[in-house]
Each structure stands twice: as structure tokens, then as C-alpha cells.
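Step one of this worksheet: look at the structure below.
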Amino acid sequence: QVQLTESGGGSVQAGGSLRLSCAASGVNINMFGVSSYYMAWFRQAPGKEREGVAAIARDDTITYLDSVKGRITISRDNIKNTLNLQLDSLEPADTAMYYCAAEPAKRTSPLLPTYRFWGQGTQVTVSS
């Protein structure tokens, strides 16, 4: 089992920045580390479907949602077993609950919500 705990959300004005963090824990994480998992950040706004915004594969290949490229940076700390998401130049349209996800099996479509393990989410609210 893998437990994921997000933090770092909050309320900011348009143009601001936030850094989200996801702490991974569990027996498999302790043994193999986050580098053995495909990991991703998703977001879900009220009334909308959950969408993947950034993913990182086991070989460190990164995939971004086109609409957020240049404003979002995903990174993984293999020592601390954390997944991070730097959000810059935030827009009101970025307002959503942000979720961390992990999956041990290969993801051919890393931005689809087919991951096995999910965190509880952290809220990001951007005001104009």
C-alpha cells in the first residue's frame, strides 16, 4: 500500500505562485522509493472532470497538460520520497482541488486518472 498526503495549497491572487508537495509513505515506498512509481498531479474543479496536469515516469520522463506548460513544474525528491508541483503565474482557471497520484505499473497515457493510489487533495484558489 501507498499513502499520499498533499500540502501547500492556499488562496492567492492571479499572477501569484504556490508550491504543492505530496509526501509518499508505506511499505513499498520505504523499500523501493518514489522513483519506482509513475506519479502525477491531477486537479478537479467543481462540476468538472478530474484532469491530469503533470506526470513523471520512472525514467524521469515528464508530461504536462498543454494548457499549463510554462507555468507548472513537476519534480520528485527521491531522498525525501516527495512529489512537488510548482505553480507560477496562477490564473483563476487554475482554481481546483489538486491531487497527487501514484502507480507502479507503466502508464502509456500518464495524464489519464488511471492511477491506483490517490491522496486526499489540497485546495488551490486563485482570485482575480
Side-chain angles (χ1 to χ4, degrees):
Q1 278 289 47
V2 174
Q3 289 79 46
L4 303 171
T5 305
E6 303 93 336
S7 62
S11 297
V12 297
Q13 291 190 327
S17 298
L18 284 172
R19 184 174 176 84
L20 309 183
S21 186
C22 171
S25 62
V27 173
N28 288 342
I29 292 293
N30 292 339
M31 291 180 63
F32 305 111
V34 292
S35 61
S36 63
Y37 286 80
Y38 289 80
M39 301 193 75
W41 285 96
F42 288 79
R43 67 185 181 186
Q44 188 167 20
K48 295 188 177 181
E49 293 186 354
R50 189 170 296 192
E51 67 174 354
V53 295
I56 184 166
R58 289 199 297 246
D59 65 357
D60 293 334
T61 298
I62 289 175
T63 305
Y64 290 112
L65 181 68
D66 284 344
S67 63
V68 302
K69 281 182 180 178
R71 301 191 298 114
I72 286 182
T73 304
I74 190 172
S75 62
R76 181 173 56 204
D77 187 324
N78 296 330
I79 302 298
K80 295 181 179 179
N81 284 327
T82 59
L83 181 71
N84 303 303
L85 189 70
Q86 178 68 36
L87 306 171
D88 296 316
S89 302
L90 282 163
E91 305 168 353
D94 296 318
T95 295
M97 185 71 80
Y98 283 71
Y99 299 90
C100 172
E103 169 61 49
K106 184 177 181 180
R107 301 289 88 191
T108 55
S109 299
L111 296 183
L112 292 181
T114 55
Y115 289 69
R116 191 176 315 178
F117 304 107
W118 292 85
Q120 294 299 307
T122 186
Q123 178 68 39
V124 171
T125 303
V126 184
S127 58
S128 57

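The figures that follow rest on heavy atoms only: side chains count, while hydrogens, waters and symmetry mates do not.
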- Message: Could you work out, with salt bridge (Lys or Arg N to Asp or Glu O under 4.0 Å) as the rule, every residue matching Lys48, not counting sequence neighbours?
- Response: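 Lys48: no salt bridge (Lys or Arg N to Asp or Glu O under 4.0 Å) contacts found.
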
Between atom [atom1] of [X] and atom [atom2] of [Y], what is the distance when rounded to the nearest 0.5 Å?
X      : Y      : atom1 : atom2 : value
Gln3   : Gln1   : CD    : CD    : 6.5 Å
Gln13  : Ser128 : CD    : OG    : 9.0 Å
Thr125 : Asp94  : OG1   : CG    : 11.0 Å
Glu6   : Cys22  : CD    : SG    : 5.0 Å
Arg71  : Leu65  : CZ    : CG    : 9.5 Å
Glu49  : Gln44  : CD    : CD    : 8.5 Å

- Message: Show me the pairs that pass disulfide bond (SG atoms under 2.5 Å apart) and involve residues 39-84, at least two apart or across chains.
- Response: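 Pairs touching residues 39-84 that pass the test: none.
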
- Side chains of Gln86 and Asn84: do they bring a donor and an acceptor to under 3.5 Å?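 Absent: no donor and acceptor within the cut-off.
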
Distance-only check: which donor-acceptor pairs under 3.5 Å involve side-chain atoms of residues 25-35, not counting sequence neighbours?
unit_1: Asn30; atom_1: ND2; unit_2: Gly26; atom_2: O; d: 3.3

Given the rule that I, L, V, M, F, W and Y join up when any side-chain heavy atoms are under 4.5 Å apart, are [X] and [Y] in one cluster?
X      : Y     : answer
Ile72  : Tyr38 : no
Tyr99  : Met39 : no
Val124 : Leu83 : yes
Val12  : Leu85 : yes

- Task: Tell me, yes or no, whether the heavy-atom count around Gln120 atom CD, taken from other residues, nucleotides or ligands under 6.0 Å, exceeds 12.
- Result: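 At most 12 heavy atoms, drawn from other residues, nucleotides or ligands, come within 6.0 Å of this atom.
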
- Under the side chain to side chain donor-acceptor pair (under 3.5 Å) rule, collect the residues that match up with Arg116, sequence neighbours excluded.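 By the side chain to side chain donor-acceptor pair (under 3.5 Å) rule, Arg116 matches Glu103.
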
- Query: Within the distance-only criterion (no hydrogens, no angle test), does the side chain of Thr82 pair as donor or acceptor with the backbone N or O of Ala23 below 3.5 angstrom?
  - Reply: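 No: the side chain of Thr82 does not pair with the backbone of Ala23.
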
- Between Arg43 and Val68, is a side chain to side chain contact (heavy atoms under 4.5 Å, CB included) present by the stated rule, with each step listed? CA-CA 12 Å; Arg43 67 185 181 186; Val68 302; 3.9 Å; yes

- Would you mind listing every ring-ring contact (aromatic ring centres under 6.0 Å, His included) that reaches into residues 40-88, with sequence neighbours excluded?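 Qualifying pairs, neighbours excluded: Phe42-Tyr115, Phe42-Trp118.
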
Pairs of donor and acceptor atoms involving the side chains of residues 106-114, under 3.5 Å and at least two apart or interchain, shall be tabulated with distances.
unit_1: Arg107; atom_1: NE; unit_2: Ala105; atom_2: O; d: 3.4
unit_1: Arg107; atom_1: NH1; unit_2: Thr114; atom_2: O; d: 2.9
unit_1: Arg107; atom_1: NH1; unit_2: Thr114; atom_2: OG1; d: 2.8

